[in-house]
Asker: 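Mind having a look at this structure? Questions to follow.
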Amino acid sequence: MPRNVSTRLPAHWPNNVRYISELVYHSSVPKHIRDFLLSGGSPQASQSMSSSSHPQKSMVLIQRISGASHPANGQHGLFATKKIPPRTLILDYIGEVHCDERPESDYDLSLHRTPDHISVGVDAHSAGNEARFVNDYRGVKSRPNVIFQERRTDRGELRMSVWSGSEPIKKGDELLVSYGKSWWRARQHPDVCDLQD
């Protein structure tokens with residue numbers, strides 16, 4: 001079995017999405033960009049949030065959302081299984097690293113933009129980990145409690161990661177991030193003019 005496929009699925013994992021624990025590189029990623037992503041800097045180059053360099057998946061759980069007022073009611077979210085201190089690495093956003101356009105995916109994050117304007121993304125639409133269930137804070141809370149932050153692993157690989165913000169996250173709280181105005185604009189959200197970053 002390939003090393004990037006886990007045999008034990010998290011609870012509430014969707015049948016139509018492959019669970020992976022390591023990034024997968026699409027053929028659209030040129031070799032020089034892949035080389036940079038895999039080892040283009042010192043391991044601590046982008047780790048500015050915390051001294052912890054290892055994500056701890058045991059801090060989170062996928063749960064079905066049942067609140068009628070929640071914008072994702074009937075879908076799933078990611079919740080804290082214990083108190084998470086401020087500025088803590090929670091987990092990496094795992095998916096397929098690519099350099100092609102993916103306008104149909106709601107699970108595609110920007111990872112890097114090269115000096116020659118090539119965009120590199122991580123798409124968890126078809127394959128990913130628990131981080132794909134982090135929802136936007138709008139309509140749920142007044143502000144996000146987590147952020148997406150790039151970092152390099154101990155091996156030097158560039159990753160997009162989920163970090164707690166400046167306040168602790170309570171056990172049972174949903175992890176909520178700001179998707180940003182551009183995400184909502186791309187989906188022609190009717191209230192885009194009223195959205196805050």
Asker: Please assess V97 against V120 for the test side chain to side chain contact (heavy atoms under 4.5 Å, CB included), listing each intermediate value before the final yes or no.
Answerer: CA-CA 7 Å; V97 179; V120 181; 3.6 Å; yes
Asker: Give the minimum heavy-atom separation between M59 and L89, together with the two atoms involved.
Answerer: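 Between these two residues, the closest heavy atoms are CE-O, 3.4 Å.
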Asker: For salt bridge (charged side-chain N to carboxylate O under 4.0 Å, His left out), just list the numbers for K141 and D173, CA-CA rounded to whole Å, side-chain angles, deciding distance to a tenth of an Å, and then say yes or no.
Answerer: CA-CA 11 Å; K141 297 280 186 183; D173 279 358; 5.1 Å; no
Asker: Where is the tightest heavy-atom contact between V24 and I20, given as atom of each residue plus distance?
Answerer: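 What the structure gives for the nearest pair is CG2-CD1, 3.7 Å.
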Asker: So, F36 versus H112, ring centres under 6.0 angstrom or not?
Answerer: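 Between H112 and F36, which both carry aromatic rings, the centre distance is below 6.0 Å.
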Asker: Side chains of L176 and V134: closer than 4.5 Å at any heavy-atom pair?
Answerer: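 A side-chain contact under 4.5 Å is absent here.
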Asker: Atom OG of S119 and atom CZ of R113: how far apart are they, to the nearest 0.5 Å?
Answerer: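 Nearest 0.5 Å value for the OG-CZ distance: 4.0 Å.
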Asker: Under a 4.0 Å N-O cut-off, is there an ion pair linking R155 with E22?
Answerer: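 A salt bridge is present here (some side-chain N lies under 4.0 Å from a carboxylate O).
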Asker: Quick one: does I90's side chain get under 4.5 Å of W163's, heavy atoms only?
Answerer: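 Sidechains of W163 and I90: no contact.
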Asker: If hydrophobic clusters are built from ILVMFWY residues whose side chains come within less than 4.5 Å, do I65 and Y179 share one?
Answerer: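 Shared cluster, no.
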Asker: Might you point out which heavy atoms bring A80 and I169 nearest each other, and give the distance in Å?
Answerer: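 Between these two residues, the closest heavy atoms are CB-CG2, 4.0 Å.
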Asker: Return the minimal non-hydrogen interatomic distance between A124 and R132, and the atom names on each side.
Answerer: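 Shortest heavy-atom contact: O-NE, 2.8 Å.
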Asker: Start with the C-alpha gap between R159 and V122, add the side-chain angles, then the distance that decides, and say whether side chain to side chain contact (heavy atoms under 4.5 Å, CB included) holds.
Answerer: CA-CA 9 Å; R159 293 196 174 176; V122 179; over 6 Å; no
Asker: Is any side-chain heavy atom of R87 closer than 4.5 Å to a side-chain heavy atom of S166?
Answerer: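 The answer is yes; the side chains approach within 4.5 Å.
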Asker: Any chance the side chains of H26 and D123 put a donor and an acceptor closer than 3.5 Å?
Answerer: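 Short answer, no.
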Asker: Just do the side chain to side chain contact (heavy atoms under 4.5 Å, CB included) check on L91 and E130 with the steps written out, would you?
Answerer: CA-CA 8 Å; L91 75 166; E130 294 90 338; 3.8 Å; yes
Asker: Between H70 and Q75, is a side chain to side chain donor-acceptor pair (under 3.5 Å) present by the stated rule, with each step listed?
Answerer: CA-CA 10 Å; H70 196 296; Q75 299 175 40; over 6 Å; no
Asker: Answer yes or no on whether R64 is positioned over the face of F79, meaning its NZ or CZ is under 6.0 Å from the six-membered ring centre and within 45° of the axis.
Answerer: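 Ring-cation test returns no.
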Asker: In terms of heavy-atom contacts, does NE2 of H125 have more than 12 from other residues, nucleotides or ligands at under 6.0 Å?
Answerer: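 Atom NE2 in H125 is not packed in, count stays at 12 or less.
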Asker: So for atom CZ, which belongs to R143, do other residues, nucleotides or ligands contribute more than 12 heavy atoms lying within a distance under 6.0 Å?
Answerer: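 No, not enclosed.
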Asker: Could you tell me whether the side chain of S28 and the main chain of C99 form a donor-acceptor pair under 3.5 Å?
Answerer: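 Present.
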Asker: Have a look at F133 and tell me which of L61, I62, V60, L175 forms a side-chain contact (heavy atoms from CB on, under 4.5 Å) with it.
Answerer: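 Option passing the side-chain contact (heavy atoms from CB on, under 4.5 Å) with F133: I62.
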Asker: Nearest 0.5 angstrom please: E96 CD to S126 OG, how far?
Answerer: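 E96 CD to S126 OG: 7.5 Å, rounded to 0.5 Å.
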Asker: Does the side chain of E157 reach to within under 4.5 Å of the side chain of L23, using non-hydrogen atoms?
Answerer: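 Yes, side chains in contact.
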Asker: Can you tell me how far CG of L158 sits from CG of L111, rounded to the nearest 0.5 angstrom?
Answerer: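 Atom-to-atom, L111:CG and L158:CG are 4.5 Å apart.
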Asker: Taking atom types as modelled, is there a side-chain donor on N135 or E174 under 3.5 Å from an acceptor on the other?
Answerer: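 Yes, a side-chain donor-acceptor pair sits under 3.5 Å.
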Asker: Would the number of heavy atoms belonging to other residues, nucleotides or ligands and lying under 6.0 Å from CG of D116 be above 12?
Answerer: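 Yes, the 6.0 Å shell around CG holds more than 12 heavy atoms from other groups.
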Asker: Evaluate the side-chain proximity of P10 to Y19: yes if any heavy-atom separation is below 4.5 Å, no if none is.
Answerer: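 A side-chain contact exists here, since the closest heavy-atom pair is under 4.5 Å.
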Asker: Measure the spacing between CZ of R152 and CG of L38 and express it to the nearest 0.5 Å.
Answerer: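 Between atom CZ of R152 and atom CG of L38 there are 8.5 Å.
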Asker: Examine distances only and state if a side-chain atom of S105 and a backbone atom of R102 form a donor-acceptor pair shorter than 3.5 Å.
Answerer: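 No, because the side chain of S105 does not come within donor-acceptor range (under 3.5 Å) of the backbone of R102.
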Asker: Closest heavy-atom contact between Y93 and Y107?
Answerer: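 Nearest pair, atom of Y93 first, then Y107: OH-O, 2.6 Å.
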Asker: Using every non-hydrogen atom in the two residues, find where P144 and S178 come nearest and quote the distance to one decimal.
Answerer: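 Looks like CB-N, 3.8 Å.
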